[in-house]
Amino acid sequence: MAAALAHRAVVATLPIVPRMVVERFARQYIAGPTLEDAVAVTRELAGQRRLVTYDILAEELASLDESRELARQYDAVLARIAAEGLEASLSVRMTGLGLHRNPAVCQLLLQSVVARASELGVAVTIDMEDSSTTTATLDAYRRLRADGLDNVGIVLQAYLRRTREDLVGLAPLAPRVRVVKGVWDEPFDRAYGDPETIRSVYLRIVARLLEAGSYVELATHDAWLLEESLELVRGAGYGSSQFECQMLLGVRPELGDVLVAEGNPLRIYVPFGPQWHPYCVRRLRESPEVARHVVNASIRRLLRRA
Ligand SMILES: Cc1cc2nc3c(=O)[nH]c(=O)nc-3n(C[C@H](O)[C@H](O)[C@H](O)COP(=O)(O)OP(=O)(O)OC[C@H]3O[C@@H](n4cnc5c(N)ncnc54)[C@H](O)[C@@H]3O)c2cc1C
């Protein structure tokens, strides 16, 4: 309890930590500012028997023109994957494509990126953002599937109270699903806060997806949860072409080594781009140890200046 409160206090301080300090600690979580950096990381990871999924760092953009530019950048990533035969997929964000500004334009941009990826034989996953976007994201996913675009996958968050019901509606589509705990600050009436409840919902989601015959993506660094999920996967008779584990770049690579050594497919989420700050703050919030270092470094810096 005391540790949780201390962590919350540290996390509350993160937004005012100078960017330079965050950047120093955050480097482990991002490939770098350019696609070139991401491709270099991909080659390194391929040598460690890891697949990747690319994420262009872009949160809410200032205009629809910027969203169109982001869609062009997604196309450039797809072209590079295809040209070099990289073992990579693409992760995309609805808010980056203009969801809050103009949902119709967002759907068109998303449709064009997923269709281009389909032509090139590349898989796309729509990241799941905060709960104000969940309904729109699932609707967009359903529309793409209705258009015959089966290369698209979705993310379900175990902490959201609505997820189990969403799953009932989605199951007939046998969706490819990345299962995560969930990373956004959500109010109590929308999300569970208790870690054990979230773990147990996570396992129920995995079990339901296995029943539906879905391709399952276990995206967590929680070793216990991975073990339990993998047991469900094996119990369902799934082979290594029907599931994968997923981890974030820079987080618990030693756990990744174990997963790979045991023969499990592992994909690393590789973010890149100049807009790294909000992403890195989210990662730091998940790691009490690293977040404490960052805040302490910032305090030391201020004291030195004083
Ligand atoms: C591939 C991938 C894609 C994701 N996509 C989404 C998405 O679309 N939408 C969404 O809401 N969430 C997404 N997430 C984030 C997810 O919801 C969790 O917030 C995140 O994975 C941390 O939860 P955990 O399951 O790893 O468990 P935790 O209990 O948070 O972590 C388990 C262990 O890993 C360590 N750990 C976790 N994070 C870090 C870190 N940053 N640095 C150092 N150690 C760490 C913890 O200290 C702990 O020991 C994604 C996660 C992954 C792996």
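First listed ligand is number 1; within each ligand, the first listed atom is number 1. Numbers here simply count residues along the sequence, with the first being 1.
- For the residue pair Arg234 and Tyr238, no side-chain donor N or O sits within less than 3.5 Å of a side-chain acceptor on the partner.
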(Q) side chain to side chain donor-acceptor pair (under 3.5 Å), that's the test. Do Thr53 and Ser89 meet it? Break it down for me. (A) CA-CA 5 Å; Thr53 185; Ser89 64; 3.0 Å; yes
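- Which parts of ligand 1 touch Asp127 is read off a 4.0 Å heavy-atom cut-off, strictly below it: atoms 8 (O).
- Contacts between Arg252 and ligand 1 below 4.0 angstrom, taking non-hydrogen atoms only, involve the side chain exclusively.
- Considering backbone and side-chain N/O atoms, Tyr159 never comes within less than 3.5 Å of an N/O atom of ligand 1.
- When heavy-atom distances to ligand 1 are checked against a 4.0 Å cut-off, Val183 comes that close through both its backbone and its side chain.
- Linking Ile, Leu, Val, Met, Phe, Trp and Tyr whenever their side-chain heavy atoms come within less than 4.5 Å leaves Trp224 and Val258 in two separate clusters.
- Ligand 1 has no N or O atom lying under 3.5 Å from any N or O atom of Tyr269, backbone or side chain.
- Where the criterion is an N or O separation shorter than 3.5 Å, residue side chain and backbone included, Val251 fails it with respect to ligand 1.
- Leu51 and Leu248 fall into different hydrophobic clusters, where Ile, Leu, Val, Met, Phe, Trp and Tyr residues are linked whenever their side-chain heavy atoms come under 4.5 Å apart, directly or through other members.
- Here Val155 has side-chain heavy atoms under 4.0 Å from ligand 1, and that is the only part of it that gets that close.
- Where the criterion is an N or O separation shorter than 3.5 Å, residue side chain and backbone included, Gln246 fails it with respect to ligand 1.
- Around atom 23 (O) of ligand 1, the closest heavy atom drawn from Arg93, Met128, Lys181 belongs to Lys181.
- The residue Glu129 has no part lying near ligand 1, judged by heavy-atom distances below 4.0 Å.
- The pair Arg116-Glu119 counts as a salt bridge, with a side-chain nitrogen and a carboxylate oxygen less than 4.0 angstrom apart.
- Per-residue contacts place Tyr29 under 4.0 angstrom from the following atoms of ligand 1 (heavy atoms of the residue considered): 40 (C), 41 (N), 42 (N), 43 (C).
- Side-chain atoms of Asn151 do not come within 3.5 Å of backbone N or O of Gly121 as any donor-acceptor pair.
- For ligand 1, the atoms sitting less than 4.0 Å from at least one non-hydrogen atom of Gly182 are 11 (O), 16 (C), 17 (O), 19 (O), numbered in the order shown with element in parentheses.
- Shown in contact with Arg178 at under 4.0 Å from a heavy atom are these atoms of ligand 1, numbered in order with element: 3 (C), 4 (C), 5 (N), 8 (O).
- A donor atom on one side chain and an acceptor atom on the other are found under 3.5 Å apart for Asp130 and Ser132.
- Side-chain polar atoms of Arg178 and Ser91 form a donor-acceptor pair below 3.5 angstrom.
- Within the structure, ligand 1 lacks Tyr202 among the residues with a heavy atom less than 4.0 angstrom away.
- Looking at Arg176 and Glu217, a side-chain N of the basic residue comes within less than 4.0 Å of a carboxylate O on the acidic one, giving a salt bridge.
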